[in-house]
Protein chains: 2
Amino acid sequence: MHDVRLSPTRRRNTFEVGQMTAEVKPAALQLTERQEARRRRILHASARLASRGGFDAVQMREVAENSGVALGTLYRYFPSKVHLLVATMQDQLQHMHETLRKRPPTEEEPAARVAQTLMRAFRALQREPHLADAMVRALTFADRSVSPEVDTVSRLTTAIILDAMGLDEAPTAEQLSAVRVIEHTWHSALITWLSGRASIAQVKIDIETVCRLIDLTAPTPAR
Amino acid sequence: MHDVRLSPTRRRNTFEVGQMTAEVKPAALQLTERQEARRRRILHASARLASRGGFDAVQMREVAENSGVALGTLYRYFPSKVHLLVATMQDQLQHMHETLRKRPPTEEEPAARVAQTLMRAFRALQREPHLADAMVRALTFADRSVSPEVDTVSRLTTAIILDAMGLDEAPTAEQLSAVRVIEHTWHSALITWLSGRASIAQVKIDIETVCRLIDLTAPTPAR
DNA sequence: CGTTTATCTAGAACAAGTTTCACTAACGCA
DNA sequence: TGCGTTAGTGAAACTTGTTCTAGATAAACG
């Protein structure tokens with residue numbers, strides 16, 4: 001009788017990443033092996049369809065079919081298309097973060113390091129523009145019901161940027177604000193690029209421009 | 001036989017604002033009076049429904065009904081829900097621009113002036129959070145087919161910010177880039193606020209932070 | 001005016017996200 | 001191992017954006 005879905009409430013995904021201090025795996029509320037595999041198949045199918053034709057190409061029936069799962073099951077794992085795509089983004093970001101860790105930016109100044117890192121990420125997205133489209137559109141279209149998941153993505157992004165800054169000490173409040181603004185610019189610039197309203201060069205300029213905020217908020221002005 | 005819609009191609013709205021150097025009215029490709037009235041009724045219904053329940057509450061059938069127009073006609077005027085909402089936003093922005101013009105910011109420094117103006121706009125949006133939700137979500141969800149319309153909104157926003165800066169001369173390329181970044185931050189910060197992931201205070205801080213870029217790019221450093 | 005053509009209307013039809021239901025399979029546990 | 005519970009399946013139903021069609025109106029034009 002209890003139809004306690006995997007997720008507590010309708011439209012509220014369970015696969016919380018929880019705290020998130022840095023790497024942390026999905027950790028999904030103890031799933032059996034088969035369930036973990038299902039979840040993985042679903043995310044894989046989602047990413048594959050997305051890289052074909054972007055947001056519209058990710059059709060729930062097809063995701064279900066391609067991952068060998070019933071439609072109802074898909075919805076039990078991801079209570080909406082947006083949830084699914086945001087989770088897909090979490091997944092991709094995790095990869096990206098690990099990759100970036102292995103080859104940290106070469107620049108000296110924090111601002112330049114962040115800009116370099118974001119441009120690297122941007123080039124990665126350029127290789128899969130459709131996938132980028134699906135993920136970013138889902139992210140910005142997400143409503144309150146997806147807040148926890150979107151927040152996780154945001155924390156991951158913040159972690160990537162803070163990593164790139166290569167700080168010795170904990171960031172100041174001012175720096176955190178600058179990082180938030182950089183994230184805003186990053187998302188919004190991506191959107192203008194994806195919808196063909198800004199060129200790659202323009203995105204580059206905007207990223208470099210916003211990164212100057214980091215110099216502005218350096219904790220040790222007499223560096 | 002010719003089914004030349006009001007809009008040239010499917011999903012490409014005709015009601016171009018054209019050049020847009022500042023105020024310019026919709027100018028809509030010569031519409032008869034009745035048509036202009038219809039268009040206005042539609043936009044009105046759209047805004048009304050939006051301010052009730054946001055993006056989801058704007059249902060095309062209801063918009064059609066509430067504005068006394070057939071569904072097919074609605075689609076002839078606005079080839080998609082997103083087109084409709086973006087047009088609604090154009091409309092609202094126009095009002096906003098005029099209002100702001102009448103009471104220009106009181107601050108001295110350009111950065112402070114822009115921040116003040118944006119906070120004013122933000123307070124206006126807070127009075128109609130659902131409407132804000134509908135418009136902003138539509139704006140960021142818009143795909144390439146809506147580019148021209150979204151671009152118009154962007155130009156309007158840019159005009160508002162440049163106005164607020166109160167420059168004596170034409171803006172430099174650097175300043176324009178800063179303005180773009182401010183716009184990015186503005187949109188993205190709004191989204192985080194609308195989806196409950198950031199407080200009003202946080203949005204304020206982010207806006208103030210990003211506005212510091214204006215000082216940074218002042219054309220006359222020895223002011 | 002009368003005719004030709006472009007708009008509008010009403011309503012059915014279609015597409016894809018989401019929900020529901022009746023049933024079966026897998027799991028957890030005593 | 002057997003049983004009660006939770007998860008998964010398949011298929012239909014429902015919702016809302018979008019498209020299509022046939023006929024009624026209004027505009028344009030001679």
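Just so it is clear, the values below take in all heavy atoms, side chains as well, and ignore hydrogens, waters and symmetry mates. To find a chain, count down the sequence lines: A is the first, B the second, and so on, and within it residues start at 1.
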Exercise. Out of C/dC8, C/dA16, C/dT19, which has the shortest distance to the side chain of A/Tyr75?
Worked result: C/dT19
For this session: Report yes or no: is the cationic atom of A/Lys81 (NZ for Lys, CZ for Arg) closer than 6.0 Å to the six-membered ring centre of A/Phe141, at no more than 45° off its axis?
Result: no
Exercise. Do B/Val210 and B/His184 touch side chain to side chain, with heavy atoms closer than 4.5 Å?
Worked result: no
Exercise. At under 4.0 Å between heavy atoms, what does B/Arg38 touch on the DNA or RNA strands: base, sugar-phosphate, or nothing?
Worked result: sugar-phosphate
For this session: Look at all strands and tell whether B/Val58 reaches a base, only sugar-phosphate, or nothing, counting heavy atoms closer than 4.0 Å.
Result: sugar-phosphate
Problem set entry | Whole-Å distance separating the NE2 atom of B/His83 from the P atom of D/dG17 | 16 Å
For this session: Rounded to the nearest angstrom, tell me the gap between atom CZ in A/Arg39 and atom C1' in D/dA7.
Result: 16 Å
For this session: Have a look at B/Arg61 and say if it touches a base, only the backbone sugar-phosphate, or nothing, with a 4.0 Å heavy-atom cut-off.
Result: base
For this session: For B/Phe78 and C/dT7, give me the distance from atom CZ to atom P, rounded to whole Å.
Result: 16 Å
For this session: Quickly work out the B/Arg41 CZ to C/dC8 C1' distance and round it to whole Å.
Result: 12 Å
Exercise. Does A/Thr73 put a side-chain nitrogen or oxygen below 4.0 Å from OP1 or OP2 of D/dA7?
Worked result: no
For this session: Measure from the side chain of A/Ala70, starting at C-beta and using heavy atoms only, and say which of D/dG17, D/dG10, C/dT18 lies closest.
Result: D/dG10
Seminar exercise, completed: With the side chain defined as heavy atoms from C-beta on, B/Gln59 is closest, among D/dG17, C/dG17, D/dT9, to D/dG17
Exercise. Which heavy-atom pair separates A/Leu49 from A/Ala57 by the least distance, and what is that distance?
Worked result: O-CB, 3.7 Å
For this session: Please figure out whether B/Phe55 or B/Arg34 has its closest DNA chain D nucleotide nearer the 5' end.
Result: B/Phe55
Exercise. Counting side-chain heavy atoms from C-beta on, which of C/dT7, C/dT9, D/dG8 comes nearest to B/Arg76?
Worked result: C/dT7
Exercise. How close or far is atom P of C/dT9 from atom CD of B/Glu65, stated in whole angstroms?
Worked result: 13 Å
Problem set entry | Minimum-distance nucleotide (side-chain atoms of B/Leu71 versus D/dT16, D/dT9, C/dA12) | C/dA12
Problem set entry | Phosphate OP1/OP2 of D/dG8 contacted by A/Gln35 side-chain N/O (<4.0 Å) | yes
Problem set entry | Derivation and outcome, side chain to side chain contact (heavy atoms under 4.5 Å, CB included), residues A/His44 and A/Arg48 | CA-CA 6 Å; A/His44 187 254; A/Arg48 208 154 50 76; 4.2 Å; yes
For this session: Would you mind reading off the distance between B/Glu62 atom CD and D/dT16 atom C1', rounded to a whole angstrom?
Result: 11 Å
Exercise. Should A/Tyr77 be listed as having a side-chain N or O under 4.0 Å from OP1 or OP2 of D/dG8?
Worked result: yes
Exercise. Going by heavy atoms in the side chains, are B/Ser154 and B/Glu183 under 4.5 Å from each other?
Worked result: yes
Exercise. Do other residues, nucleotides or ligands put more than 12 heavy atoms under 6.0 Å from the CD atom of B/Glu62?
Worked result: yes
Seminar exercise, completed: To the nearest angstrom, the NZ-C1' distance between A/Lys81 and D/dT16 comes to 14 Å
Problem set entry | Residue A/Met60, side-chain atoms from C-beta onward, closest of D/dT9, D/dG17, C/dG17 | C/dG17
Seminar exercise, completed: From CG of A/Leu74 across to P of D/dG10 the rounded distance in Å is 13 Å
